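Convention: sequence-line order gives letters A, B, ...; per-chain numbering from 1. What you are looking at is a predicted structure, and each value in this text was computed from that prediction instead of being measured.
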Number of protein chains: 2
Amino acid sequence: MSGKDGRRPTIRDVAERAGVSKSLVSLVMRGSAQVSPARRKAVLDAARALGYRPNSVARSLVEGRTRTVGVIVSDLRNPWYVDILESFRRVLHGDGMRVLIGAGELEHRLDQTVVEAFLDLRVEALCVVGSLPFDPVLADAMGSVPAVVASSHGYELPTVDSVVNDDVHGMRLAVEHLVGLGHRRIAHIGGGAAGVFQARREGYETAMRALGLAEHVRVERCENDEQTGYAATRRLLGCDDPPTAIVAVNDMACLGAVSAAADLGVDVPARLSVVGYDNTPLAGTSHLSLTSVDPRNPEIGELAARRLLARLAEGGAPGVRDLISPRLAVRRSTGHPPADR
Amino acid sequence: MSGKDGRRPTIRDVAERAGVSKSLVSLVMRGSAQVSPARRKAVLDAARALGYRPNSVARSLVEGRTRTVGVIVSDLRNPWYVDILESFRRVLHGDGMRVLIGAGELEHRLDQTVVEAFLDLRVEALCVVGSLPFDPVLADAMGSVPAVVASSHGYELPTVDSVVNDDVHGMRLAVEHLVGLGHRRIAHIGGGAAGVFQARREGYETAMRALGLAEHVRVERCENDEQTGYAATRRLLGCDDPPTAIVAVNDMACLGAVSAAADLGVDVPARLSVVGYDNTPLAGTSHLSLTSVDPRNPEIGELAARRLLARLAEGGAPGVRDLISPRLAVRRSTGHPPADR
DNA sequence: CTGTTAGCGCATTCAT
DNA sequence: ATGAATGCGCTAACAG
């Protein structure tokens, strides 16, 4: 398991034991075809006997590359990003790259230490998954190494590719679905002037207008959590002319809407239809069974990885923006509106 | 941003620009006090002007250490482990260590590639979070570098520390809480003959016997997901003498229990009390509001990190087993049993 | 305090 | 097909 004196065995130990030179061991370890079968076997046997594995630190140093890309995830606690990550790393693994994960957000600010850790480690590229507060350190880093953002707003730099789901299209799918069921008073919880919140609010408003429902546009502010979604929904349901349907900015807010409806004795979907966004594992549970816009995260992760590989090969090409068309996952939280009073 | 010819600047470039030797630059970068303020400033200025950052790859090679520990997480999709990870990395960061995360499970088998990636990277220690299928490659790795397991069963090797919550105590808290509310027919969903499932089933049985309820012991098999928890609960509620309370092996199964009860028109907690385990974010949502055993993950992560640091300093001491006493987070899914028929 | 020298483990020329 | 020499960027042990 260890070298003779407790150290891990090096290429030299293997060479000595196999009775060949270090270079030959190196060739064998990297799968060169230019080695006679007999010597190859001798090297492989010696390596196994010693428990040798090439030191990737030394290799990185001499090759001048680490074959590593750093991924900065906005929030580990809400596992909406897992599908992005999995397809992203699958593609990069296929290209011999390693993927490191770091958590980017720390008390509503960017955790600069993860950016610096990645830079210190000499990652060859960066990927930001999910919206992160803007920070010059990160922006600078993304200017100096190849970078891509996935499902993220706020870092669309000139030389950074971005792959995001089409929020406008997604909100349109949600509103059209509800209109198709007969709803007209369709409200939105979310809002705000930045990032996904802005994009989805605008998508909602655009869709409502396009369907002739401009007069019913109604937005109540909330964040990406159950509490504020709950409060926003209570405000909506407490007014004179409450909506028959709510489109939420994401699944967590939508969960708040469901809780609020339950507390008020409003049946979902009989008296209130709700639609979430992100199609998280939460939405798929049979207990909630939320109709939710599915951003197609596996596709986003895969395309982000491809963009990154292309950029790694090409160099500083201008950033390309990919818009993935979402789909609607229809479940049991939506239905026909109640008959008019 | 880059060196003169596109390369990243090295310690040599900085030394040249500052008019000092490389060693001096090295001293300054590592914060030595043995440098005159004037020269220190010259070095720092040159480094900033060049955008220099020490190459940690080269540093690792010469120091013979990477200051990196690899964490293998069982399942990224279920974010129960996040609190463990956060406190774990907080402690390690405080000691100048980096933490890398890898996903360990791949289609019910261990993903050996993450173990090998960590070994290739020369991580100085390993940490396994959550139960993973046994695999000789991982066992071997944990024998060859300092290792600790947190909230995990199955890798309690002779030289591996383990920090786990006390499942027996946790199940006892759950059962006692229910008995205190007046329940007697208390069933368990979970079961199985390995890992947490075994430990919690045994804990349940022990607690029931200790409270004189041996005759009411009833276990229905399920896994760590909503579907099987749902099915198990339907079996329980469909029999002649259904339980008035269910203790689930974890929160996901408990969610299944809630769904099943809802589908059968059984009100929670009026006609059925349910208790989960893990106190995941899910349990805390006001919509579900599950009473759940809280394993105190922040403490687990912190202690695991301390054990690892001690082991890193000490060497191959025998593995110590820490049992963390869980607490019960009481919420709205438990209440008094219905009055007898 | 500062500069010089020698590797860390490996891949990569160049010679055979 | 194989082996010897060179250097990746840095730190550590010295010698000034």
For A:Arg40 and A:Gly31, indicate whether the former's side chain and the latter's backbone hold a donor-acceptor pair under 3.5 Å.
no
Verify the contact: side-chain N or O of A:Arg30 to OP1 or OP2 of C:dT12, cut-off strictly under 4.0 Å; return yes or no.
yes
Taking atom P of C:dG3 as reference, at what distance in whole Å does atom CD of B:Glu16 sit?
14 Å
Short question: side chain of A:Ser26, backbone of A:Lys22 - any donor-acceptor pair under 3.5 Å?
no
Between P of D:dC10 and CZ of A:Arg122, the distance in whole Å
7 Å
In whole Å, I'd like the distance from the CZ atom of B:Arg40 to the P atom of C:dT2.
10 Å
If the threshold is 4.0 Å, N to carboxylate O, is there a salt bridge linking B:Glu302 and B:Arg306?
yes
Measure from CD on B:Glu63 to P on D:dC8 and round the result to the nearest Å.
20 Å
Atom OG of B:Ser60 and atom CG of B:Asn55: how far apart are they, to the nearest 0.5 Å?
8.5 Å
Can you tell me how far C1' of C:dC8 sits from CG of B:Asn55, to the nearest Å?
13 Å
Atom CG of B:Leu61 and atom P of C:dA11 are separated, to the nearest Å, by 12 Å
Does A:Asn297 reach the main-chain N or O of A:Ile84 with its side chain, forming a donor-acceptor pair under 3.5 Å?
no
Please determine whether the number of non-hydrogen atoms from other residues, nucleotides or ligands lying under 6.0 Å from atom CZ of A:Arg90 exceeds 12.
yes
Take atom CZ of A:Arg8 and atom C1' of C:dC8, then tell me their distance rounded to the nearest Å.
15 Å
Close side-chain approach of A:Asp75 to A:Tyr81, heavy-atom, < 4.5 Å
no
Are any protein N/O atoms closer than 3.5 Å to N/O atoms in nucleotides 2-6 of chain D? If there are, list each pair with its distance.
| from | atom 1 | to | atom 2 | distance (Å) |
| --- | --- | --- | --- | --- |
| D:dT2 | OP1 | A:Ser36 | OG | 3.3 |
| D:dT2 | OP1 | A:Arg39 | NE | 2.9 |
| D:dT2 | OP2 | A:Ser36 | N | 3.2 |
| D:dG3 | OP2 | A:Ser21 | N | 3.1 |
| D:dG3 | OP2 | A:Ser21 | OG | 3.2 |
| D:dA4 | N6 | A:Ser23 | OG | 3.0 |

Give a yes/no answer on whether the side chain of B:Arg12 brings an N or O atom under 4.0 Å of OP1 or OP2 in D:dC8.
yes
Rounded distance (Å) that lies between atom C1' of D:dC10 and atom CZ of B:Arg65:
16 Å
Can a side chain N or O of B:Ser26 be found less than 4.0 Å away from OP1 or OP2 on D:dC10?
no
